[in-house]
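In what follows, a single structure is set out as structure tokens and then discussed.
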Amino acid sequence: YEEIGERTDVYALGLILFEIVSLRRARPRGAPEATILNALEGKLVPLEHLDPHRSIPGDLAAIVHKATALESAARYASPAELELDIQSFGWGQAVSARPDSLLRAALRWMSHHSRTVLVALLSLVALIAVVFSWSLWRQVEQRREARANEERLAALLTRVGKRANTISKTFSEIEGALGAFSSASAHAVSYGQEADEQTYSNDDLGAAKDDPSRGPPDFRPLELFRGTPTSYGWPVNVYAPGTAARHASTRRQLSPLRFLVPGLLARVKAPSGDPPPAGLPGAVIEKMFLGLESELFWMLPGQHFERLADFRERPWYRLAARKRGFFWGSPYVELSTHRYVLPCSTSIYRGETFLGVAATDLTFARLTRMLRLPDVPHVRETYLVNRAGRIVVSASDPTRPADTEVSGRRPTPAFPIPGLTPVLREGQAGYFESEFQGRRALLAHYPLGVSGWQYVVWTEPPTQAE
């Protein structure tokens, strides 16, 4: 008698597997004494299916025989090994109970790589054609080249579509987070209770650079903003000089939003393979802000603005003021860190009463990474292009202006290759070829579902790329 252990469990599982596979009892039928004797001697009936017209696959039979081997040393060492072999059988892979011969391994490989085998057979046919007739070989070669070009084009269009869908999904997630922020802001301004806690003005954060006691506890330089002192725990409130008392109540009503915004920022995840910005793991957008008609500007994270401007004249505010829905605008230079950003804005309403605008933005550092296709060869440039055929942003654009005095909108130049604008107006995915500076250019384009823009990839035609 053997000691009870994992191999005993394997034997019991093997008997169960035996009866599941064959639909028959594993032990020979007989008197109780004979049944006990058969169990002691490990006797089993032949492993055959109850239906004589059905056979049990050899690999599966080998698994059963190994699991029910009389000698424990011949069985699987543990139920986990038995499970692994059963999974391998289910996946069509070789099992340890019946190692593949060279022929079986070759046949199994061919069944798993039928397309590769088919390509090899087609290549063989082409080679035979060369031997018998140059003309026939040339025809086959031309068809092969055409098919390869079509496959490369199809692969390119597939990658462009996948990347466009990723960008569109990210934009939709941003709109969802901004919508939640806008709704919470409207409720806070209209019905929110005043929080009994410290709020910080732009002057407070300016003074905190020299006197930390004037600012929030977490107000410190962040790598994400190139060392700009920042607080993700407390927002900044900006208002005209001499109006602090008028805005005191609204500031305290908005203060609880500081607990909501970090979760909304984290909700929008970076696309797979796209590293998140330093300091804010996984996030695509870095901040949310709002401007109220009462002349109060609120932003988290809290930062000090060296230069102040009427926020109602800023591009993000004018983009959505007194409009319904979400709006993506042309790039502009943000005031706090002087970077190019792409705004997304929506109006805040209480019923039919316009209260202000809530917004967020995408930095060019993040946006240009989203546009790139590093694993696709012969790509010259990638773009977001609006329906007017003007370039919103390209993957090679700088992330900030060279002139530190620039603070307005960034120009949106016309797309340099003719013929794209009429195609984009149709709002469909596709491609077309054009001539530019003496070379053929292939333009693949795919619409984004949320902004009316198109993702455009400029590459070389397959035949020219070769």
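All figures in this text were calculated on a predicted structure; none of them were measured in a lab.
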Q) Can you check whether Trp316 reaches Tyr332 side chain to side chain, under 4.5 Å on heavy atoms? A) yes
**Q.** Short N-O contact, Asp203 and Arg214, less than 4.0 angstrom
**A.** no
(Q) Under the criterion side-chain contact (heavy atoms from CB on, under 4.5 Å), I'd like the reasoning laid out for Phe181 against Thr346: C-alpha separation, chi angles, the key distance, then a yes or no. (A) CA-CA 10 Å; Phe181 175 61; Thr346 188; over 6 Å; no
Q) What are the two closest non-hydrogen atoms of Ala395 and Thr368, and how far apart are they? A) O-CB, 3.5 Å
Q) Tell me, do Arg339 and Phe225 make a side-chain contact under 4.5 Å, heavy atoms counted? A) yes
Q. Looking at side-chain heavy atoms only, is the closest gap between Glu83 and Ile86 below 4.5 Å?
A. no
Q | Close side-chain approach of Cys344 and Glu175, heavy atoms under 4.5 Å | A | yes
Q: Flag yes if more than 12 heavy atoms outside Lys162 fall under 6.0 Å of its NZ atom; otherwise flag no.
A: no
Q.
Would you say that Asp204 contacts Pro216 through its side chain, given a criterion of any heavy-atom pair below 4.5 Å between the two side chains?
A. no
Q) So which heavy atom on Val357 is nearest to which on Ile348, and how close? A) C-CD1, 3.9 Å
Q.
Tell me if the CG atom of Asp196 is crowded by more than 12 foreign heavy atoms within 6.0 Å.
A. no
Q. Within a strict 4.5 Å, meaning less than it, do heavy atoms of the Pro256 and Gln193 side chains meet?
A. no
Q: Answer whether the closest heavy-atom distance between the side chains of Arg322 and Glu293 falls below 4.5 Å.
A: yes
Q: Please state whether the rings of His247 and Tyr239 are parallel, tilted or perpendicular, taking 30° and 60° as the class boundaries.
A: tilted
**Q.** Heavy-atom pair with the smallest gap, counting every atom of Ala62 and Ala97
**A.** O-CB, 3.5 Å
Q.
Before you tell me yes or no, could you show the steps for Glu197 and Trp234 under side chain to side chain donor-acceptor pair (under 3.5 Å), namely the whole-Å CA-CA distance, both residues' side-chain angles and the distance that decides it to 0.1 Å?
A. CA-CA 11 Å; Glu197 62 182 14; Trp234 280 265; 5.0 Å; no
Q: Evaluate the salt bridge (Lys or Arg N to Asp or Glu O under 4.0 Å) criterion for residues Lys66 and Asp85: first the C-alpha distance (whole Å), next the side-chain angles of each, then the deciding distance (0.1 Å), finally the verdict.
A: CA-CA 11 Å; Lys66 183 172 181 178; Asp85 246 5; 5.3 Å; no
Q | Check: Ser168 side chain, Ala164 main-chain N or O, donor-acceptor pair, under 3.5 Å | A | no
Q: Just say parallel, tilted or perpendicular for the rings of Phe311 and Phe297, cut-offs at 30° and 60°.
A: tilted
Q: Salt-bridge test for Glu286 and Arg366: reply yes if a basic N is under 4.0 Å from a carboxylate O, no otherwise.
A: no
Q) Does the side chain of Glu6 come within less than 4.5 Å of Pro79's, by heavy atoms? A) yes
Q | From Asp361, Thr360, Thr230, residue fulfilling side chain to side chain donor-acceptor pair (under 3.5 Å) relative to Lys287 | A | Asp361
Q.
More than 12 heavy atoms of other residues, nucleotides or ligands under 6.0 Å from CZ of Arg226: yes or no?
A. no
Q: Locate the shortest heavy-atom distance separating Phe364 from Pro398; write the atom from each residue and the value.
A: CD2-O, 3.4 Å
Q. Closest heavy-atom contact between Leu342 and Gly329?
A. CD1-O, 3.0 Å
Q.
Assess whether a salt bridge exists between Arg440 and Glu460, defined as any Lys/Arg side-chain N lying under 4.0 Å from an Asp/Glu carboxylate O.
A. no
Q) For Phe415, which of Leu420, Thr421, Leu424, Asn386 qualifies under side-chain contact (heavy atoms from CB on, under 4.5 Å)? A) Leu420
Q.
Can you tell me how far apart CH2 (Trp458) and CD1 (Ile417) are? Round to the nearest 0.5 Å.
A. 4.0 Å
Q.
Does Arg387 have more than 12 heavy atoms from other residues, nucleotides or ligands lying within 6.0 Å of its CZ?
A. no
Q. In terms of heavy-atom contacts, does CZ of Phe305 have more than 12 from other residues, nucleotides or ligands at under 6.0 Å?
A. yes
Q: Please report the closest heavy-atom contact between Leu442 and Glu433, naming both atoms and the distance.
A: CD1-CG, 3.7 Å
Q.
For Tyr232, is there any backbone N or O sitting under 3.5 Å from a side-chain donor or acceptor partner on Asp218?
A. yes
